[in-house]
Amino acid sequence: MTNQRVVVGLGPFGRERRLALVGAAREAACHFEICDDPAKASSLNPHAILIDAGEPGAEKAAMSARADVELMRVPVLTLYPELSDLSFATAFSWGADDAIAQDKPRLLIARLRALPREAPGNAAPPGRGPALVADADPAHRVVFGRVLRNAGYQVRFAVTQTDTWQFAEDKDLELIVLSTEIEDAPRKLIEHIRSQGSLANCVVNTPPRTLRSCRNLLQGLDGATASDAYAPVENVLFLANELRNPERRDQRSSARALYGTTVAFRGAGRHEDDFGFTYNISGGGMYVRTLAVPEDDSVWIELCPPRSERRVRLVAQVQWRRRYGYNQNATVPPGFGIKIMDGAAADVEGWAAGYKAMAETLG
(Lines give C-alpha, C1' and ligand atoms only; values in the text may rest on other atoms or scores of the structure.)
Protein backbone atom coordinates (compact mmCIF):
# COMPACT_ATOMS: atom_id res chain seq x y z
CA MET A 1 0.00 0.00 0.00
CA THR A 2 2.96 2.32 0.52
CA ASN A 3 3.29 2.88 -3.23
CA GLN A 4 -0.43 3.33 -3.79
CA ARG A 5 -2.20 6.63 -4.01
CA VAL A 6 -4.72 7.10 -1.21
CA VAL A 7 -8.28 8.23 -1.92
CA VAL A 8 -10.33 9.35 1.09
CA GLY A 9 -14.12 9.30 1.15
CA LEU A 10 -15.37 12.07 3.44
CA GLY A 11 -18.74 11.53 5.13
CA PRO A 12 -21.17 8.62 5.17
CA PHE A 13 -21.19 6.08 2.35
CA GLY A 14 -23.62 3.16 2.24
CA ARG A 15 -22.27 -0.37 1.98
CA GLU A 16 -22.99 -0.76 -1.74
CA ARG A 17 -21.52 2.63 -2.56
CA ARG A 18 -18.48 1.88 -0.45
CA LEU A 19 -17.85 -1.42 -2.21
CA ALA A 20 -18.21 0.28 -5.60
CA LEU A 21 -15.70 2.97 -4.62
CA VAL A 22 -13.24 0.39 -3.30
CA GLY A 23 -13.46 -1.40 -6.64
CA ALA A 24 -13.04 1.80 -8.66
CA ALA A 25 -10.04 2.81 -6.57
CA ARG A 26 -8.48 -0.61 -7.04
CA GLU A 27 -8.95 -0.36 -10.82
CA ALA A 28 -7.03 2.93 -10.69
CA ALA A 29 -4.25 1.46 -8.51
CA CYS A 30 -5.44 3.49 -5.51
CA HIS A 31 -6.33 2.59 -1.94
CA PHE A 32 -9.72 3.79 -0.68
CA GLU A 33 -10.33 4.86 2.93
CA ILE A 34 -13.45 6.19 4.65
CA CYS A 35 -13.08 9.10 7.06
CA ASP A 36 -16.09 10.57 8.87
CA ASP A 37 -14.14 13.47 10.36
CA PRO A 38 -12.68 16.00 7.91
CA ALA A 39 -10.22 17.14 10.57
CA LYS A 40 -8.61 13.68 10.54
CA ALA A 41 -8.44 13.30 6.77
CA SER A 42 -5.06 15.04 6.48
CA SER A 43 -3.44 12.36 8.66
CA LEU A 44 -4.14 9.85 5.85
CA ASN A 45 -2.06 11.91 3.37
CA PRO A 46 -4.70 11.61 0.63
CA HIS A 47 -4.06 12.08 -3.06
CA ALA A 48 -7.77 12.84 -3.61
CA ILE A 49 -10.98 13.29 -1.60
CA LEU A 50 -14.40 11.97 -2.62
CA ILE A 51 -17.65 13.49 -1.36
CA ASP A 52 -21.19 12.26 -2.00
CA ALA A 53 -22.98 15.51 -2.85
CA GLY A 54 -26.36 13.99 -2.02
CA GLU A 55 -25.52 13.27 1.61
CA PRO A 56 -26.33 15.73 4.44
CA GLY A 57 -23.26 17.68 5.39
CA ALA A 58 -21.61 17.35 1.96
CA GLU A 59 -20.98 21.08 1.63
CA LYS A 60 -19.60 21.29 5.16
CA ALA A 61 -17.25 18.38 4.47
CA ALA A 62 -15.97 20.00 1.28
CA MET A 63 -15.46 23.38 2.92
CA SER A 64 -13.69 21.76 5.88
CA ALA A 65 -11.28 20.10 3.49
CA ARG A 66 -10.66 23.36 1.69
CA ALA A 67 -10.10 25.24 4.96
CA ASP A 68 -7.43 22.74 6.07
CA VAL A 69 -4.02 23.99 4.95
CA GLU A 70 -2.79 20.39 4.69
CA LEU A 71 -5.58 19.54 2.23
CA MET A 72 -5.70 22.77 0.23
CA ARG A 73 -3.81 21.24 -2.70
CA VAL A 74 -5.64 17.90 -2.69
CA PRO A 75 -8.27 17.52 -5.46
CA VAL A 76 -11.86 17.11 -4.28
CA LEU A 77 -14.26 15.09 -6.45
CA THR A 78 -18.01 15.26 -5.88
CA LEU A 79 -20.42 12.46 -6.81
CA TYR A 80 -23.92 13.24 -8.11
CA PRO A 81 -26.92 11.06 -9.09
CA GLU A 82 -26.85 12.87 -12.44
CA LEU A 83 -24.82 15.69 -13.92
CA SER A 84 -26.14 19.11 -14.87
CA ASP A 85 -24.96 22.69 -14.97
CA LEU A 86 -26.15 23.00 -11.37
CA SER A 87 -24.08 19.99 -10.31
CA PHE A 88 -20.87 21.52 -11.62
CA ALA A 89 -21.69 25.01 -10.32
CA THR A 90 -22.44 23.63 -6.86
CA ALA A 91 -19.27 21.54 -6.80
CA PHE A 92 -17.11 24.50 -7.79
CA SER A 93 -18.78 26.75 -5.21
CA TRP A 94 -17.66 24.26 -2.56
CA GLY A 95 -14.09 24.41 -3.81
CA ALA A 96 -14.29 21.01 -5.51
CA ASP A 97 -12.35 20.30 -8.69
CA ASP A 98 -14.76 18.07 -10.62
CA ALA A 99 -18.24 16.53 -10.60
CA ILE A 100 -18.89 12.90 -11.55
CA ALA A 101 -22.04 10.86 -12.14
CA GLN A 102 -22.38 8.15 -9.47
CA ASP A 103 -23.53 5.49 -11.92
CA LYS A 104 -20.49 5.83 -14.21
CA PRO A 105 -17.54 4.31 -12.34
CA ARG A 106 -15.30 4.45 -15.42
CA LEU A 107 -15.39 8.25 -15.21
CA LEU A 108 -14.20 8.13 -11.61
CA ILE A 109 -11.51 5.60 -12.54
CA ALA A 110 -10.27 7.87 -15.33
CA ARG A 111 -9.87 10.75 -12.89
CA LEU A 112 -8.13 8.66 -10.24
CA ARG A 113 -5.72 7.28 -12.82
CA ALA A 114 -4.87 10.85 -13.85
CA LEU A 115 -3.80 11.83 -10.32
CA PRO A 116 -0.12 12.61 -9.79
CA ARG A 117 1.85 9.73 -8.30
CA GLU A 118 3.51 11.95 -5.73
CA ALA A 119 1.77 13.19 -2.60
CA PRO A 120 0.77 16.89 -2.54
CA GLY A 121 3.69 17.98 -0.35
CA ASN A 122 4.47 21.63 0.19
CA ALA A 123 3.13 24.40 -2.00
CA ALA A 124 5.29 25.90 -4.71
CA PRO A 125 6.87 29.27 -3.91
CA PRO A 126 4.56 32.16 -4.84
CA GLY A 127 5.08 33.26 -8.42
CA ARG A 128 2.93 36.37 -8.22
CA GLY A 129 2.51 39.30 -5.88
CA PRO A 130 0.16 39.89 -2.95
CA ALA A 131 -3.61 39.67 -3.42
CA LEU A 132 -6.37 40.99 -1.20
CA VAL A 133 -9.71 39.20 -0.95
CA ALA A 134 -12.35 41.48 0.60
CA ASP A 135 -15.38 39.32 1.31
CA ALA A 136 -17.51 38.92 4.43
CA ASP A 137 -18.50 35.33 3.63
CA PRO A 138 -16.04 32.85 5.22
CA ALA A 139 -16.84 30.17 2.63
CA HIS A 140 -16.02 32.56 -0.19
CA ARG A 141 -12.74 33.48 1.48
CA VAL A 142 -11.77 29.82 1.73
CA VAL A 143 -12.36 28.99 -1.93
CA PHE A 144 -10.94 32.26 -3.27
CA GLY A 145 -7.88 31.82 -1.07
CA ARG A 146 -7.28 28.32 -2.40
CA VAL A 147 -7.65 29.27 -6.07
CA LEU A 148 -5.45 32.35 -5.82
CA ARG A 149 -2.74 30.63 -3.75
CA ASN A 150 -2.60 27.81 -6.28
CA ALA A 151 -2.17 30.48 -8.95
CA GLY A 152 0.87 31.82 -7.11
CA TYR A 153 -0.60 34.78 -5.23
CA GLN A 154 0.17 35.62 -1.61
CA VAL A 155 -3.32 36.08 -0.19
CA ARG A 156 -4.62 38.17 2.69
CA PHE A 157 -8.22 38.87 3.66
CA ALA A 158 -10.45 41.78 4.67
CA VAL A 159 -13.82 41.13 6.30
CA THR A 160 -15.07 44.68 6.95
CA GLN A 161 -15.32 47.85 4.91
CA THR A 162 -12.83 49.60 7.19
CA ASP A 163 -10.24 46.84 6.80
CA THR A 164 -10.81 46.79 3.05
CA TRP A 165 -10.02 50.47 2.63
CA GLN A 166 -6.99 50.20 4.89
CA PHE A 167 -5.50 47.06 3.32
CA ALA A 168 -6.29 48.17 -0.26
CA GLU A 169 -3.92 51.13 0.09
CA ASP A 170 -0.95 48.73 0.11
CA LYS A 171 0.97 49.71 -3.04
CA ASP A 172 2.49 46.23 -3.31
CA LEU A 173 -0.86 44.59 -4.01
CA GLU A 174 -1.11 43.03 -7.45
CA LEU A 175 -4.78 42.01 -7.24
CA ILE A 176 -7.87 42.98 -5.26
CA VAL A 177 -10.98 40.79 -5.26
CA LEU A 178 -13.74 42.98 -3.86
CA SER A 179 -17.27 41.95 -2.91
CA THR A 180 -20.01 44.55 -3.20
CA GLU A 181 -21.43 43.02 -0.02
CA ILE A 182 -18.54 44.79 1.74
CA GLU A 183 -18.18 47.88 -0.47
CA ASP A 184 -21.21 48.96 -2.49
CA ALA A 185 -19.29 51.88 -4.05
CA PRO A 186 -16.37 50.02 -5.64
CA ARG A 187 -15.48 52.80 -8.07
CA LYS A 188 -14.94 55.19 -5.18
CA LEU A 189 -12.52 52.75 -3.55
CA ILE A 190 -10.63 52.05 -6.78
CA GLU A 191 -10.30 55.75 -7.61
CA HIS A 192 -9.02 56.33 -4.07
CA ILE A 193 -6.26 53.72 -4.27
CA ARG A 194 -5.32 54.91 -7.78
CA SER A 195 -4.85 58.40 -6.34
CA GLN A 196 -2.53 56.84 -3.77
CA GLY A 197 -0.40 55.27 -6.50
CA SER A 198 -1.79 51.72 -6.45
CA LEU A 199 -1.56 49.73 -9.69
CA ALA A 200 -3.47 46.70 -8.37
CA ASN A 201 -5.91 45.08 -10.75
CA CYS A 202 -9.42 44.90 -9.30
CA VAL A 203 -12.14 42.29 -9.82
CA VAL A 204 -15.46 43.32 -8.28
CA ASN A 205 -17.79 40.47 -7.34
CA THR A 206 -21.45 41.40 -7.47
CA PRO A 207 -24.74 39.44 -7.68
CA PRO A 208 -26.05 38.71 -11.20
CA ARG A 209 -28.88 41.24 -10.87
CA THR A 210 -26.36 44.07 -10.48
CA LEU A 211 -23.62 42.77 -12.79
CA ARG A 212 -24.53 44.94 -15.77
CA SER A 213 -24.84 48.11 -13.70
CA CYS A 214 -21.54 47.34 -11.96
CA ARG A 215 -19.80 46.93 -15.31
CA ASN A 216 -21.20 50.27 -16.42
CA LEU A 217 -20.06 51.84 -13.15
CA LEU A 218 -16.48 50.66 -13.70
CA GLN A 219 -16.25 51.82 -17.32
CA GLY A 220 -13.19 53.96 -17.97
CA LEU A 221 -11.22 52.57 -15.04
CA ASP A 222 -8.04 50.83 -16.12
CA GLY A 223 -7.37 47.48 -14.50
CA ALA A 224 -10.89 46.97 -13.17
CA THR A 225 -13.77 44.69 -14.13
CA ALA A 226 -16.87 43.09 -12.63
CA SER A 227 -17.65 39.42 -12.08
CA ASP A 228 -20.72 37.35 -11.25
CA ALA A 229 -20.49 36.59 -7.53
CA TYR A 230 -22.47 33.36 -7.99
CA ALA A 231 -20.24 31.97 -10.76
CA PRO A 232 -17.37 29.51 -10.14
CA VAL A 233 -14.58 31.20 -8.21
CA GLU A 234 -12.05 30.33 -10.94
CA ASN A 235 -13.79 32.95 -13.10
CA VAL A 236 -12.03 35.58 -11.01
CA LEU A 237 -8.70 34.01 -11.95
CA PHE A 238 -9.61 34.26 -15.65
CA LEU A 239 -10.50 37.95 -15.27
CA ALA A 240 -7.35 38.61 -13.26
CA ASN A 241 -5.28 37.03 -16.05
CA GLU A 242 -7.06 39.16 -18.65
CA LEU A 243 -6.34 42.33 -16.69
CA ARG A 244 -2.74 41.22 -16.14
CA ASN A 245 -2.09 40.58 -19.85
CA PRO A 246 -4.09 43.15 -21.86
CA GLU A 247 -1.73 42.93 -24.84
CA ARG A 248 -2.43 39.20 -25.25
CA ARG A 249 -6.17 39.88 -25.07
CA ASP A 250 -5.98 42.56 -27.72
CA GLN A 251 -4.06 40.31 -30.14
CA ARG A 252 -6.71 37.58 -30.31
CA SER A 253 -8.82 37.18 -33.43
CA SER A 254 -11.94 36.86 -31.25
CA ALA A 255 -12.40 37.77 -27.61
CA ARG A 256 -12.49 35.10 -24.92
CA ALA A 257 -15.54 35.21 -22.70
CA LEU A 258 -16.51 33.37 -19.54
CA TYR A 259 -19.20 30.79 -20.25
CA GLY A 260 -20.08 27.80 -18.11
CA THR A 261 -22.14 24.85 -19.28
CA THR A 262 -21.88 21.06 -19.23
CA VAL A 263 -20.03 19.64 -22.22
CA ALA A 264 -19.88 16.01 -23.35
CA PHE A 265 -16.60 15.03 -24.96
CA ARG A 266 -14.93 11.92 -26.32
CA GLY A 267 -11.97 11.06 -28.47
CA ALA A 268 -13.05 11.01 -32.12
CA GLY A 269 -14.34 7.54 -32.96
CA ARG A 270 -14.63 6.38 -29.35
CA HIS A 271 -17.83 4.92 -27.91
CA GLU A 272 -18.66 6.85 -24.74
CA ASP A 273 -18.74 10.46 -23.66
CA ASP A 274 -17.07 11.96 -20.63
CA PHE A 275 -18.32 15.21 -19.12
CA GLY A 276 -16.71 18.49 -18.21
CA PHE A 277 -17.67 22.14 -17.83
CA THR A 278 -16.69 24.99 -20.11
CA TYR A 279 -14.50 27.67 -18.58
CA ASN A 280 -14.13 30.22 -21.35
CA ILE A 281 -15.00 30.35 -25.05
CA SER A 282 -14.04 32.21 -28.19
CA GLY A 283 -15.43 32.30 -31.69
CA GLY A 284 -13.28 29.35 -32.71
CA GLY A 285 -12.78 27.29 -29.57
CA MET A 286 -13.08 26.88 -25.82
CA TYR A 287 -11.42 25.65 -22.65
CA VAL A 288 -13.05 22.68 -20.90
CA ARG A 289 -12.60 22.04 -17.18
CA THR A 290 -12.01 18.38 -16.23
CA LEU A 291 -9.56 16.20 -14.35
CA ALA A 292 -9.90 13.55 -17.08
CA VAL A 293 -7.99 15.33 -19.84
CA PRO A 294 -8.37 13.35 -23.11
CA GLU A 295 -5.31 11.74 -24.65
CA ASP A 296 -6.74 11.98 -28.18
CA ASP A 297 -5.79 15.02 -30.22
CA SER A 298 -9.10 14.97 -32.13
CA VAL A 299 -12.27 15.08 -30.02
CA TRP A 300 -16.02 15.25 -30.50
CA ILE A 301 -17.87 17.63 -28.22
CA GLU A 302 -21.54 18.34 -27.57
CA LEU A 303 -22.96 21.30 -25.68
CA CYS A 304 -25.47 24.15 -25.78
CA PRO A 305 -24.05 27.36 -27.27
CA PRO A 306 -24.69 30.64 -25.45
CA ARG A 307 -28.22 31.99 -25.78
CA SER A 308 -29.46 28.67 -27.14
CA GLU A 309 -31.22 25.54 -25.87
CA ARG A 310 -30.34 23.51 -28.98
CA ARG A 311 -27.30 21.30 -28.50
CA VAL A 312 -24.58 21.20 -31.13
CA ARG A 313 -22.03 18.49 -31.87
CA LEU A 314 -18.66 19.64 -33.14
CA VAL A 315 -15.29 18.20 -34.13
CA ALA A 316 -12.36 19.87 -32.41
CA GLN A 317 -8.61 19.66 -32.12
CA VAL A 318 -6.94 19.68 -28.70
CA GLN A 319 -4.49 22.59 -28.66
CA TRP A 320 -3.15 22.24 -25.15
CA ARG A 321 -3.71 20.34 -21.91
CA ARG A 322 -3.30 21.19 -18.27
CA ARG A 323 -3.35 18.11 -16.07
CA TYR A 324 -3.82 18.25 -12.33
CA GLY A 325 -0.52 19.00 -10.63
CA TYR A 326 0.49 20.14 -7.16
CA ASN A 327 3.64 22.16 -7.70
CA GLN A 328 2.82 24.68 -10.36
CA ASN A 329 1.42 28.18 -10.36
CA ALA A 330 -1.81 27.43 -12.19
CA THR A 331 -3.25 30.12 -14.43
CA VAL A 332 -6.29 27.96 -15.33
CA PRO A 333 -8.04 25.02 -13.67
CA PRO A 334 -7.20 21.52 -14.97
CA GLY A 335 -8.65 20.81 -18.41
CA PHE A 336 -7.94 21.25 -22.11
CA GLY A 337 -8.18 23.93 -24.78
CA ILE A 338 -9.66 23.10 -28.16
CA LYS A 339 -10.04 24.62 -31.59
CA ILE A 340 -13.30 23.92 -33.45
CA MET A 341 -12.50 22.27 -36.76
CA ASP A 342 -15.72 20.88 -38.23
CA GLY A 343 -19.28 19.70 -37.67
CA ALA A 344 -22.63 19.69 -39.41
CA ALA A 345 -23.26 23.05 -41.05
CA ALA A 346 -26.23 23.79 -38.78
CA ASP A 347 -24.15 23.01 -35.69
CA VAL A 348 -21.19 25.16 -36.74
CA GLU A 349 -23.57 28.00 -37.57
CA GLY A 350 -25.40 27.51 -34.27
CA TRP A 351 -22.17 27.81 -32.32
CA ALA A 352 -21.10 30.91 -34.22
CA ALA A 353 -24.49 32.56 -33.71
CA GLY A 354 -24.49 31.80 -29.98
CA TYR A 355 -21.00 33.18 -29.48
CA LYS A 356 -21.82 36.30 -31.52
CA ALA A 357 -24.99 36.96 -29.48
CA MET A 358 -23.05 36.61 -26.24
CA ALA A 359 -20.19 38.81 -27.43
CA GLU A 360 -22.61 41.55 -28.50
CA THR A 361 -24.31 41.45 -25.12
CA LEU A 362 -21.01 41.78 -23.31
CA GLY A 363 -19.93 44.57 -25.62
Side-chain angles (χ1 to χ4, degrees), residues 5-14 17-18 21 24-25 30 32-102 107-108 111-112 114-115 120 123 133 135 137-151 155 157 205 229-237 260 262 275-277 279 289-292 324 326 330 333-335:
R5 291 163 295 181
V6 176
V7 179
V8 171
L10 273 187
F13 289 88
R17 181 70 51 75
R18 185 177 304 198
L21 293 175
C30 297
F32 182 70
E33 290 271 359
I34 290 288
C35 182
D36 293 329
D37 183 1
K40 296 180 180 178
S42 59
S43 66
L44 299 173
N45 297 316
H47 290 67
I49 291 172
L50 298 183
I51 293 175
D52 186 338
E55 291 289 341
E59 179 179 5
K60 182 179 179 181
M63 296 307 302
S64 296
R66 281 293 162 250
D68 188 327
V69 67
E70 299 295 328
L71 298 176
M72 184 186 74
R73 298 164 61 75
V74 177
V76 172
L77 312 179
T78 49
L79 304 173
Y80 287 86
E82 60 181 45
L83 290 181
S84 66
D85 288 0
L86 181 59
S87 304
F88 281 101
T90 301
F92 297 147
S93 74
W94 295 350
D97 298 279
D98 214 338
I100 311 167
Q102 293 172 352
L107 303 186
L108 173 59
R111 284 153 178 79
L112 296 183
L115 294 175
V133 176
D135 199 306
D137 188 318
H140 290 171
R141 294 197 299 272
V142 167
V143 291
F144 277 124
R146 188 241 180 177
V147 166
L148 294 177
R149 287 190 182 103
N150 283 347
V155 184
F157 301 100
N205 278 324
Y230 297 166
V233 294
E234 288 82 0
N235 286 12
V236 164
L237 182 58
T262 305
F275 299 90
F277 200 70
Y279 181 47
R289 294 187 64 172
T290 180
L291 295 188
Y324 195 93
Y326 303 123

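- Looking only at distances, no side-chain donor or acceptor of Asp135 sits under 3.5 Å from a matching main-chain atom of His140.
- Between Ala292 and Asp98, the shortest heavy-atom distance links the atoms N-OD2, 4.4 Å.
- Summarising the geometry, atom CG belonging to Leu237 is positioned 9.5 Å from atom CG belonging to Asn150; distances are rounded to the nearest 0.5 Å.
- Residue Val236 comes nearest to Phe144 through the heavy atom pair CG2-CE2, 3.5 Å, listed as atom of the first residue, atom of the second, then distance.
- The minimum heavy-atom distance between Arg18 and Phe13, with the atom names listed, is NH2-O, 3.6 Å.
- Residues forming a salt bridge (Lys or Arg N to Asp or Glu O under 4.0 Å) with Arg141 (at least two apart in sequence, or on another chain): none.
- Screening Val76, Thr78, Thr290 for a side-chain contact (heavy atoms from CB on, under 4.5 Å) with Asp97, the sole residue that qualifies is Val76.
- Taking OH from Tyr80 and CG from Leu86, the interatomic distance works out to 7.5 Å, rounded to the nearest 0.5 Å.
- Shortest non-hydrogen contact noted between Val8 and Pro46 is CG2-CB, 3.6 Å.
- A donor-acceptor contact shorter than 3.5 Å links the side chain of Arg5 to the backbone of Leu112.
- Pairs passing the side chain to side chain donor-acceptor pair (under 3.5 Å) check and including a residue from residues 35-47, sequence neighbours excluded, do not occur.
- Shortest non-hydrogen contact noted between Ala61 and Ile51 is C-CD1, 4.0 Å.
- Remark: the backbone N or O of Glu234 is paired with a side-chain donor or acceptor of Tyr279 at under 3.5 angstrom.
- Using modelled atom types and a 3.5 Å distance limit, the side chains of Ser93 and Thr90 yield no donor-acceptor pair.
- Side-chain N or O atoms of Arg66 include one that pairs as donor or acceptor with a backbone N or O of Leu71 at under 3.5 Å.
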Set out, in order, the CA-CA distance, both residues' side-chain angles and the distance that settles side-chain contact (heavy atoms from CB on, under 4.5 Å) for Gln102 and Asp52, then state yes or no. CA-CA 9 Å; Gln102 293 172 352; Asp52 186 338; 3.0 Å; yes
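- Residues that satisfy the side chain to side chain contact (heavy atoms under 4.5 Å, CB included) test with Ala139, not counting sequence neighbours, are Met63, Asp137.
- Side-chain contact between Pro75 and Arg111 is absent, with no heavy atoms from C-beta onward closer than 4.5 Å.
- Listed here is the closest heavy atom pair of Ala96 and Arg289: O-NH2, 4.5 Å.
- Among the candidates Leu115, Ile100, Ile49, Leu107, the single residue satisfying the side-chain contact (heavy atoms from CB on, under 4.5 Å) test with Leu77 is Ile100.
- Here the CZ-CG distance, from Phe275 to Leu83, works out to 6.5 Å after rounding to the nearest 0.5 Å.
- Ring geometry, Phe88 versus Phe277: the interplanar angle falls under 30°, so the pair is classed parallel (tilted spans 30 to 60°).
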